[in-house]
There are 4 protein chains.
Amino acid sequence: MSGTLNKVMLIGHLGDEVKMHYFEGGGCIGRFPIATNETYTNRQTGEKVTNTEWHNIVVRNKAAEICEKYLSKGDKIYVEGRLKTRQWQGEDGNTRYSTEIQVQDFTFLSTKSESMSNAQSNTPQEQRPISGNPGTKPIENTAHVSEPEPEDDLPF
Amino acid sequence: MSGTLNKVMLIGHLGDEVKMHYFEGGGCIGRFPIATNETYTNRQTGEKVTNTEWHNIVVRNKAAEICEKYLSKGDKIYVEGRLKTRQWQGEDGNTRYSTEIQVQDFTFLSTKSESMSNAQSNTPQEQRPISGNPGTKPIENTAHVSEPEPEDDLPF
Amino acid sequence: MSGTLNKVMLIGHLGDEVKMHYFEGGGCIGRFPIATNETYTNRQTGEKVTNTEWHNIVVRNKAAEICEKYLSKGDKIYVEGRLKTRQWQGEDGNTRYSTEIQVQDFTFLSTKSESMSNAQSNTPQEQRPISGNPGTKPIENTAHVSEPEPEDDLPF
Amino acid sequence: MSGTLNKVMLIGHLGDEVKMHYFEGGGCIGRFPIATNETYTNRQTGEKVTNTEWHNIVVRNKAAEICEKYLSKGDKIYVEGRLKTRQWQGEDGNTRYSTEIQVQDFTFLSTKSESMSNAQSNTPQEQRPISGNPGTKPIENTAHVSEPEPEDDLPF
DNA sequence: TTTT
DNA sequence: TTTT
């Protein structure tokens with residue numbers, strides 16, 4: 001399918017460290033929040049208002065490992081992905097919703113890490129060994145990674 | 001500001017009619033859900049899986065009026081906007097979140113309406129009289145509308 | 001790499017049929033033009049002006065085959081890719097430039113073809129046999145295809 | 001109109017200073033090139049290849065003034081706009097083409113300028129006095145500017 | 001050269 | 001709750 005498009009593009013700063021989860025099958029997932037800002041001027045009062053929006057970013061497998069290795073709180077990142085709203089049952093029995101950005105592509109726009117490898121990844125295979133990708137030649141402070149297309153749903 | 005980017009681009013089908021809310025000051029807001037689909041093949045089982053994702057679309061003022069007038073359940077639309085997560089207190093006292101797409105631009109990709117005006121709007125003024133824009137010359141079945149930048153927060 | 005982004009997103013109509021080129025190694029390339037329109041009102045004269053912009057679309061391998069099979073002049077398509085400006089020597093010895101959109105992803109938004117297969121492709125391998133993907137089950141009139149990341153430069 | 005979309009999004013570095021042109025009517029235009037990079041690994045040789053792509057950026061009026069004031073060669077910028085291919089007659093009588101990105105929105109991602117104002121602009125009026133927008137409160141090193149929708153064609 |  |  002499907003004649004539809006589901007795309008999100010964000011540039012923002014990490015509000016926290018990357019939190020990793022590892023699965024038995026060998027896969028993993030990383031999560032972190034990023035903040036975007038919007039500023040405008042209130043027409044009545046003339047005062048400037050800044051709103052901060054928080055986004056839940058989810059990265060998988062090799063991309064997650066790279067993010068964990070090179071990103072820290074405060075770093076700036078470009079993220080591209082799709083919106084996914086998960087739902088679950090709250091303790092009170094009510095359905096709760098949480099909207100996430102499932103990352104397909106990203107580029108570091110700043111990092112505090114002094115040594116950053118040229119971390120481009122276009123490897124399409126799933127669950128490939130997370131190995132020699134980063135680490136060798138600390139060339140620059142940016143990385144560009146493309147995710148393979150959606151795999152099976154991990155239990156998230 | 002602000003060195004950040006908050007952008008969503010969707011092509012999908014309306015799952016329901018546009019629901020309008022009118023404010024005392026003259027402004028209005030329209031809401032409708034759109035569905036996007038993602039299809040992939042499960043690598044273990046080989047079966048094809050389709051996931052539907054639902055997005056809460058929010059349009060304002062003139063753009064809302066145009067959407068209400070020309071869009072119906074099932075119609076296909078391109079929507080561009082920014083992510084905004086609203087929060088409120090649930091009856092149980094817990095904080096609830098709801099993520100919306102606040103529309104900045106859209107284009108109709110199909111409509112059932114037989115008569116559709118050439119609804120291009122780039123008018124920047126807020127709360128301008130919703131007047132002759134739609135309705136007069138039913139030229140085509142597409143519309144392209146750009147929203148002026150964010151105004152004051154309406155009570156939504 | 002690289003901390004940069006090169007992205008184009010278009011919705012437009014094919015101005016001509018898909019033209020295919022086949023290479024010895026088994027790869028292929030498809031080219032077609034798509035038109036986008038921009039309409040605005042001249043502020044001095046009040047008259048409505050429409051500008052048409054033409055874009056040179058380039059698709060590779062499996063994606064090219066799908067486009068050739070299902071797209072015709074006049075069809076509407078969503079195309080996502082990157083900008084690439086090729087240059088060559090004109091007969092007069094001057095350098096000439098031509099900017100193309102190298103497709104990474106696309107979705108059919110309309111087709112005249114009566115039988116359209118469910119042509120989703122996320123296969124990452126290069127030069128894979130172009131085989132059973134289209135053709136079998138004519139399910140719908142949309143296709144969604146993602147290109148694997150850039151390969152070696154074909155002689156184009 | 002028009003049921004079409006013409007959108008480019010780039011993150012790249014300025015390859016040169018902003019070149020300004022001023023018109024009699026009071027408008028102005030700024031031009032500068034930005035570079036994006038693409039890196040991939042040649043599958044035959046295993047060597048890493050980097051391609052640089054150059055894009056011709058065109059900004060108008062107030063946005064142009066801001067760019068000229070705060071951007072320098074080497075700075076990083078996010079740019080959003082539409083593709084436009086201009087054509088003209090070469091001296092040899094042949095038609096030449098040049099594709100540009102006409103900026104609608106941008107955000108500075110780095111600047112060398114020590115004092116940078118909070119340069120958000122969503123002013124919709126054409127040819128408005130380029131005045132107090134920048135300069136007052138040097139808050140940060142980023143700017144975010146949205147262009148009003150297309151105006152009359154300037155002689156460019 | 002498309003579409004409305 | 002859409003569409004194919």
Side-chain angles (χ1 to χ4, degrees), chain A residues 1-6 85 87 97, chain B residues 10-19 31-39 48-57 70-79 107-120 137-144, chain C residues 10-19 31-39 48-57 70-79 107-120 137-144, chain D residues 1-6 85 87 97:
Chain A
M1 263 242 265
S2 67
T4 65
L5 175 72
N6 177 354
T85 300
Q87 49 180 284
Y97 301 92
Chain B
L10 303 172
I11 296 174
H13 295 270
L14 273 78
D16 200 356
E17 303 298 326
V18 179
K19 298 290 192 304
R31 296 176 177 277
F32 56 90
I34 76 173
T36 57
N37 302 296
E38 172 200 4
T39 306
K48 185 164 287 178
V49 184
T50 295
N51 286 327
T52 296
E53 199 63 31
W54 287 100
H55 311 271
N56 302 310
I57 309 299
Y70 297 109
L71 285 177
S72 302
K73 190 174 174 173
D75 283 340
K76 194 172 206 168
I77 188 174
Y78 166 80
V79 145
T107 293
F108 298 160
L109 297 174
S110 81
T111 31
K112 277 129 196 170
S113 54
E114 56 300 333
S115 88
M116 238 292 287
S117 99
N118 187 330
Q120 181 153 28
K137 277 167 69 187
I139 304 178
E140 52 181 297
N141 74 335
T142 54
H144 185 84
Chain C
L10 303 172
I11 296 175
H13 295 271
L14 274 79
D16 200 356
E17 303 298 326
V18 179
K19 297 291 194 302
R31 295 175 178 278
F32 55 91
I34 75 174
T36 57
N37 303 295
E38 171 200 6
T39 305
K48 185 165 286 180
V49 184
T50 295
N51 287 328
T52 297
E53 199 62 32
W54 287 99
H55 311 271
N56 302 310
I57 309 299
Y70 297 108
L71 285 177
S72 300
K73 191 174 174 174
D75 284 339
K76 194 173 207 167
I77 189 174
Y78 166 81
V79 144
T107 293
F108 298 160
L109 296 175
S110 81
T111 31
K112 277 129 195 169
S113 53
E114 57 299 335
S115 87
M116 238 293 287
S117 98
N118 187 330
Q120 181 152 27
K137 277 166 70 189
I139 305 178
E140 52 181 296
N141 74 335
T142 55
H144 185 84
Chain D
M1 265 242 265
S2 66
T4 66
L5 175 72
N6 177 355
T85 299
Q87 51 180 281
Y97 301 91

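In what follows, chains carry the letters A, B, and so on, assigned in the order in which the sequence lines appear, proteins first and then strands, with residues in each chain numbered from 1.
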Engineer: Specify the separation, in whole Å, of atom CG of B/L10 and atom C1' of F/dT1.
Structural biologist: 16 Å
Engineer: Rounding to an integer number of Å, can you tell me how far B/I11 CD1 sits from F/dT3 C1'?
Structural biologist: 13 Å
Engineer: What's the separation between atom CD1 in B/I11 and atom CD1 in B/I77, rounded to the nearest 0.5 Å?
Structural biologist: 10.5 Å
Engineer: Return the CG to CG distance between B/N51 and B/N37, rounded to the nearest 0.5 Å.
Structural biologist: 9.0 Å
Engineer: What is the distance from NE2 of C/H13 to P of E/dT4, rounded to the nearest Å?
Structural biologist: 6 Å
Engineer: Without decimals, in angstroms, what is the distance between C/K76 NZ and E/dT2 P?
Structural biologist: 15 Å
Engineer: CH2 of C/W54 versus P of E/dT2: gap in Å, rounded?
Structural biologist: 6 Å
Engineer: I'd like to check B/H55 versus B/P33 (side-chain heavy atoms, cut-off strictly below 4.5 Å). Are they in contact?
Structural biologist: no
Engineer: Distance check needed: F/dT2 P versus B/Y78 OH, whole Å only.
Structural biologist: 24 Å
Engineer: When the distance from CD of B/E17 to P of F/dT1 is rounded to whole Å, what number comes out?
Structural biologist: 14 Å
Engineer: Out of E/dT1, F/dT3, E/dT3, which nucleotide sits closest to the side chain of C/D16?
Structural biologist: E/dT1
Engineer: Calculate the interatomic distance between A/Q87 atom CD and F/dT1 atom C1'; express it in whole Å.
Structural biologist: 13 Å
Engineer: For E/dT2, does the base pair up with any side-chain atom of C/T52 as donor and acceptor (N or O, under 3.5 Å, distance only)?
Structural biologist: yes
Engineer: Looking at the side chain of C/A35, which of F/dT2, E/dT1, E/dT2 is the nearest nucleotide?
Structural biologist: E/dT2
Engineer: For C/H13 versus D/T4, what's the shortest heavy-atom pair and its separation?
Structural biologist: CD2-CG2, 4.5 Å
